[in-house]
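Quick notes on the structure that follows.
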Amino acid sequence: MEVLTPRSLDEALRLKSENPQAVPIAGGTDLMVAINFDRIRPNAVLNLNEVPELRGWSRANGTLRLGAGLTYAEAMREPLAGLLPALAEASRTVGSPQIRNRGTIGGNLGTSSPAGDALPPLLVAGADVVLASVRGERRVALGEFVVGPKRNALAEDELVTAVELEPASAAETFMKVGPRNAMVIAVVSLALRAGEELRAAFGSAGPVPILVRAPRDDADAFPERVAEAAAPIDDVRGTAAYRRHALRVLTRRALDRCLA
Amino acid sequence: MSTTLPLGRVGERVKRVDGIPKTNGEFAYSSDLFAAGMLWGHTLRSPHSHARIVEIDLADALTSPGVHAVLTHEDVPGQKRYGLEFPDQPVLALDRVRYFGEPVALIAAEHPEQARRAAERIRVAYEPLEPLVDPERALEQEPLHDERWTHGHGYRDDPRPNVVRHLVIRHGDPDAEGAVSVSGVYELGIQDQAFLGPESGLAVPDGEGGVDIYVATQWLHVDRDQVAPCLGLPPERVRIHLAGVGGAFGGREDLSMQIHSALLALHTERPVKMVYNREESFVGHVHRHPARIWAEHRADADGRLVSVRMRILLDGGAYASSSTAVTSNAASFACGPYAVANALIESTCVYSNNPPCGAMRGFGAVQTCFASEAQMDKLADALGLDPVELRLRNALAPGDVLPTGQRIDGSLPVAEVIRRAAALPVPELEPLPREAIRLPGGAGNTTRGEGVRRGVGFAVGFKNIAYSEGFDDYCAARVRLREDGSAEVHCAAAEVGQGVTNVILQVARTELATDDVVLAPHTTASVDSSGSASASRMTWMAAGAVQLACRAALEERERTGGEVDVERIYRHVRTSPLDPETGQTTGERSHVAFACAAMRVVAEVDVELGLTRVVWIGTAQDVGAAVNPQAVEGQIEGGTAQGLGLALMEEIQTQGGLITNASFTDYLIPTALDMPPVESVLIEDPEPSAPYGVKGVGEPPTVVSTAAVVAALRDATGRELTRVPVRPDDIVGL
């Protein structure tokens with residue numbers, strides 16, 4: 001297996017263009033598990049850990065830009081945690097401290113799992129995903145970026161470089177149900193932002209994370225609307241019936257938290 | 001590796017000799033072994049739970065890069081089958097595979113990845129067969145085995161197909177009527193030992209046709225006695241050496257890679273290392289038997305048990321392993337630690353195409369304790385009695401007779417453990433608001449107190465110590481006493497993390513009255529069998545053997561004056577088989593001794609989401625006499641965690657016999673956030689027949705904690721919760 005380690009974004013995009021089969025790796029918390037389980041055997045990996053442009057976060061004209069290499073541990077730290085509280089809460093639910101130190105927002109987007117913990121908070125924040133290649137840069141709304149379970153809109157020469165979103169202007173929260181009290185993949189998760197509009201997004205209750213919106217006045221009917229928007233399945237982690245039920249409970253509790 | 005000892009005599013709190021190296025990462029586990037010039041072994045396994053093998057084509061694999069050997073059943077030079085008790089399991093599949101992951105072929109290559117790639121080039125033509133996956137239908141289906149492997153061993157030779165063992169215990173008049181009667185049906189899923197160190201080891205050919213196998217196991221000599229006949233070698237040419245064990249819990253009683261690595265090593269004349277990955281480990285060892293249990297308990301108006309009827313169905317999976325003994329143990333402890341004059345217990349284990357099951361901590365008693373303790377709570381409810389009071393009224397005591405007809409003549413302080421556990425004060429309710437991690441759902445941040453109810457549960461359990469039914473599981477120890485007064489102890493007792501190394505050293509120091517004692521490497525080459533590090537027996541048996549050998553060495557030195565080297569064998573009291581028709585003991589006893597534990601659990605349950613936080617556990621355990629109280633507490637906490645895991649989350653899931661959650665992502669074990677602090681009270685009521693009065697302590701906490709945790713959940717939710725692990729759906733009522 002070849003390891004390509006670019007030192008700049010330009011070099012990374014060039015390498016990706018020249019080696020479209022190279023699998024990007026940052027924290028490796030998804031990829032290394034897949035390799036260990038022998039599910040994939042990439043001939044090359046593109047190590048993005050030495051690309052400075054992907055690190056950290058910034059704020060310009062009110063818009064937040066989170067680098068694809070932003071770790072969960074970084075998302076939990078102030079002042080970012082105060083600007084995006086639901087993302088910080090979601091990050092706290094990810095794996096163990098070691099995983100949170102390694103795993104990145106960009107990796108969560110790249111994997112595009114229906115259970116990706118960062119996706120629901122980014123959805124309620126109206127995030128755009130920034131994709132780049134040697135051909136240039138484009139922005140795709142997160143809801144359009146994830147197109148199926150572990151499938152997304154990335155072209156084979158593209159990398160996720162950042163997400164752009166507005167800081168929370170209203171109360172928001174994130175909750176995740178798992179079969180034990182820490183270190184779980186979501187059985188079902190929910191992010192809710194209660195501004196002028198109610199926005200809820202859930203994970204692990206359909207092929208892709210889904211955003212549900214309603215006017216603030218419709219709060220009473222909202223839990224049912226969220227549950228109805230789900231398309232859950234039975235799998236080893238939980239039943240479809242439970243996931244739908246839990247979404248109802250979580251949405252009601254999230255509304256109580258955010259509208260209080 | 002010989003071990004130098006920190007000081008400590010019997011009864012003292014001593015730090016574990018392996019504690020620091022295991023904590024700082026220096027300890028060498030069996031997966032860390034290395035030999036110059038070694039090859040890597042890999043196992044090709046069946047993707048089917050039941051299929052006929054039509055053809056195996058090795059041509060492409062043999063020419064694959066780096067490959068030194070590709071072996072099938074045709075290359076097994078000796079016996080083609082092996083087994084812990086019955087040789088019903090092929091070393092490599094013959095013409096049929098009976099479970100998902102059954103070994104079919106072996107590869108040795110320069111690099112593990114080359115071995116894996118070569119495995120993909122082996123073409124096996126399978127003809128899939130309908131898998132037998134419902135144990136209730138097993139008795140009417142085509143037999144999975146052509147031979148009746150478990151017949152002719154003194155059990156009831158049940159003529160029905162696919163019966164591994166069927167045991168009926170009839171005691172008194174099971175039809176006796178009581179003032180109240182409660183009944184229930186209970187179910188347990190398949191639990192895995194989930195040891196962190198996967199199956200691994202190294203086989204080194206000795207250049208003279210023999211082989212040395214370094215492996216993580218629970219019983220060196222029984223491994224040797226199974227490996228040698230399959231290699232076509234006399235036992236002395238197969239030497240098994242204990243490598244660092246990363247947990248066992250019964251899952252290393254059966255062989256995994258021992259024969260396979262030796263076959264490859266002898267074939268290639270090179271050392272061969274094998275290490276299972278996590279997914280492979282889930283098919284690399286036997287699991288806890290899943291069970292379905294029907295129970296009816298009758299009591300008089302004062303709450304005294306009149307009659308217990310129980311029917312236990314265990315799914316043994318594809319091969320027998322230790323299922324016959326588990327079947328009997330489940331029946332023996334079906335009534336719990338209570339005096340019952342009349343009982344009818346029927347215990348049946350069947351073959352199926354589900355994952356093979358065998359030994360796991362608690363060994364049949366876990367399953368029946370879960371059912372029996374739920375029944376006791378139901379009975380208390382029906383009688384309007386306090387559950388603790390009901391248990392006290394029925395508590396077994398020395399002199400009482402068990403349903404097998406055995407009179408308890410050793411120590412068994414059931415009432416004492418009940419009283420002491422029930423007297424432990426439960427923690428007060430923590431006020432809200434709380435950090436998310438101190439609420440059900442934990443780090444998931446799912447509640448700030450909404451839907452949360454508190455419950456308190458209580459349970460009592462007991463289990464046998466050492467092997468039963470006439471099994472001669474002796475233990476040997478050898479002591480070399482030098483002229484300078486220093487000593488070297490040889491004992492094959494496997495250190496599986498339970499702390500037997502410290503026990504051996506503490507005993508030797510105590511008996512020899514010197515701190516200058518070392519423990520030699522554990523190997524079949526220098527000392528006779530120790531028996532298995534199983535059945536809560538190793539402390540008792542090793543202490544007995546080391547004590548005997550030390551005393552003999554001192555006497556010998558007294559006589560001869562010079563350096564002495566003596567080996568002695570320790571045996572516990574003899575046991576007798578159960579009568580195959582009545583289930584009554586055919587001698588004075590079928591079990592050696594017993595140990596009991598009572599446990600109180602406080603849990604908080606989010607009844608709307610079905611999530612749980614166990615807040616606190618208090619337990620009183622009958623430990624005989626603690627050799628090392630700190631290690632005893634460690635065993636109680638670890639054993640409790642394993643039982644809590646079964647109560648709340650641990651289950652191997654299958655579809656058509658295929659395991660669907662073979663990873664630590666989806667087979668979940670408790671984290672530090674799931675396991676509460678444990679308050680342990682050690683009840684020291686010395687066992688008269690044991691050295692220093694000791695009892696094994698590893699299993700009682702596991703036996704009782706599943707039942708106790710679910711009792712707390714029932715109290716919090718008001719639901720019956722008859723199946724473990726309890727699913728959120730069960731709590732919510734979906």
Side-chain angles (χ1 to χ4, degrees), chain A residues 1 29-30 33-39 41 85-86 88-97 99-100 115 117 173-191 234-250 252-257 260, chain B residues 113 116-117 119-120 277-280 436-451 606-614 644-645 648-655 659-675 725 727-734:
Chain A
M1 186 170 74
T29 58
D30 282 334
V33 173
I35 290 174
N36 275 338
F37 275 101
D38 223 3
R39 289 199 189 109
R41 284 180 183 161
E89 287 176 330
S91 298
R92 274 184 210 111
T93 74
V94 173
S96 59
I99 298 291
R100 296 195 286 271
D117 290 319
T173 191
F174 176 85
M175 304 151 124
K176 172 166 123 183
V177 171
R180 71 181 169 195
N181 288 333
M183 294 177 65
V184 285
I185 310 265
V187 169
V188 62
S189 65
L190 179 92
D234 291 337
D235 64 17
V236 293
R237 295 182 192 132
T239 61
Y242 174 76
R243 288 179 157 113
R244 211 182 282 275
H245 163 86
L247 270 181
R248 219 172 272 129
V249 176
L250 293 176
R252 197 179 62 238
R253 289 182 183 179
L255 287 168
D256 287 347
R257 279 182 202 181
Chain B
E113 179 65 12
R116 285 192 289 269
R117 294 200 177 205
E120 285 173 6
N277 68 21
R278 180 56 56 197
E279 196 170 10
E280 189 175 17
I437 59 167
R438 302 196 68 79
L439 285 159
N445 189 32
T446 47
T447 179
R448 292 183 176 165
E450 308 98 308
D606 180 338
V607 297
E608 292 170 9
L609 286 176
L611 305 179
T612 296
R613 172 191 175 222
V614 179
L644 177 146
L648 297 179
M649 62 190 83
E650 293 191 40
E651 180 173 12
I652 289 186
Q653 299 182 48
T654 61
Q655 251 175 21
I659 298 180
T660 55
N661 61 336
S663 74
F664 280 164
T665 305
D666 285 319
Y667 182 92
L668 299 181
I669 57 177
T671 69
L673 269 192
D674 300 286
M675 182 61 196
R727 294 165 291 209
D729 304 55
D730 305 330
I731 293 173
V732 169
L734 291 174

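The analysis underlying the following values was restricted to heavy atoms, covering all of them including side chains, and did not include hydrogens, waters or symmetry mates. A, B, ... follow the sequence lines: proteins, then strands. Residue 1 opens every chain.
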*Between A:Arg180, A:Arg92, A:Arg248, which residue shows the highest count of heavy-atom pairs closer than 4.5 Å to chain B?*
A:Arg180
_Shortest non-hydrogen contact from B:Arg613 toward A:Asn181_ = CA-ND2, 3.9 Å
*Sidechain N-carboxylate O distance under 4.0 Å for A:Arg237, B:Glu651*: no
*Look at the side chain of A:His245 and the backbone N and O of B:Leu609, then say whether any donor-acceptor pair between them is shorter than 3.5 Å.*
no
_Do A:Arg253 and B:Arg448 have side chains that approach each other closer than 4.5 Å (heavy atoms only, starting at C-beta)?_
no
_Most chain A-contacting option - heavy-atom pairs closer than 4.5 Å, from B:Leu668, B:Ile437, B:Thr660, B:Thr671_ = B:Leu668
*asked:* Heavy-atom cut-off 4.5 Å, strictly under: side chain, backbone, both or neither for B:Leu611 against chain A?
replied: side chain
_Donor-acceptor pair, distance only, cut-off 3.5 Å: does the side chain of B:Asn445 make one with the backbone of A:Phe174?_
yes
_So which residue, B:Asp666, B:Asn661, B:Thr665, ends up with the most heavy-atom pairs under 4.5 Å with chain A?_
B:Asp666
_Can you tell me which portion of A:Ser96 sits under 4.5 Å from chain B's heavy atoms? Options are side chain, backbone, both or neither._
neither
*Under 4.5 Å heavy-atom distance to chain B, tell me which part of A:Asp256 shows up: side chain, backbone, both or neither.*
neither
*Just give me the residue among B:Arg727, B:Gln655, B:Arg278, B:Glu450 that pairs up with chain A most often, heavy atom to heavy atom, under 4.5 Å.*
B:Glu450
*A:Val184 versus chain B, heavy atoms under 4.5 Å apart: side chain, backbone, both or neither?*
side chain
*Are the side chains of A:Asn36 and B:Asn277 in touch, meaning some heavy atoms are under 4.5 Å apart?*
no
*asked:* Please classify the contact between A:Arg252 and chain B as side chain, backbone, both or neither, with a heavy-atom cut-off of under 4.5 Å.
replied: side chain
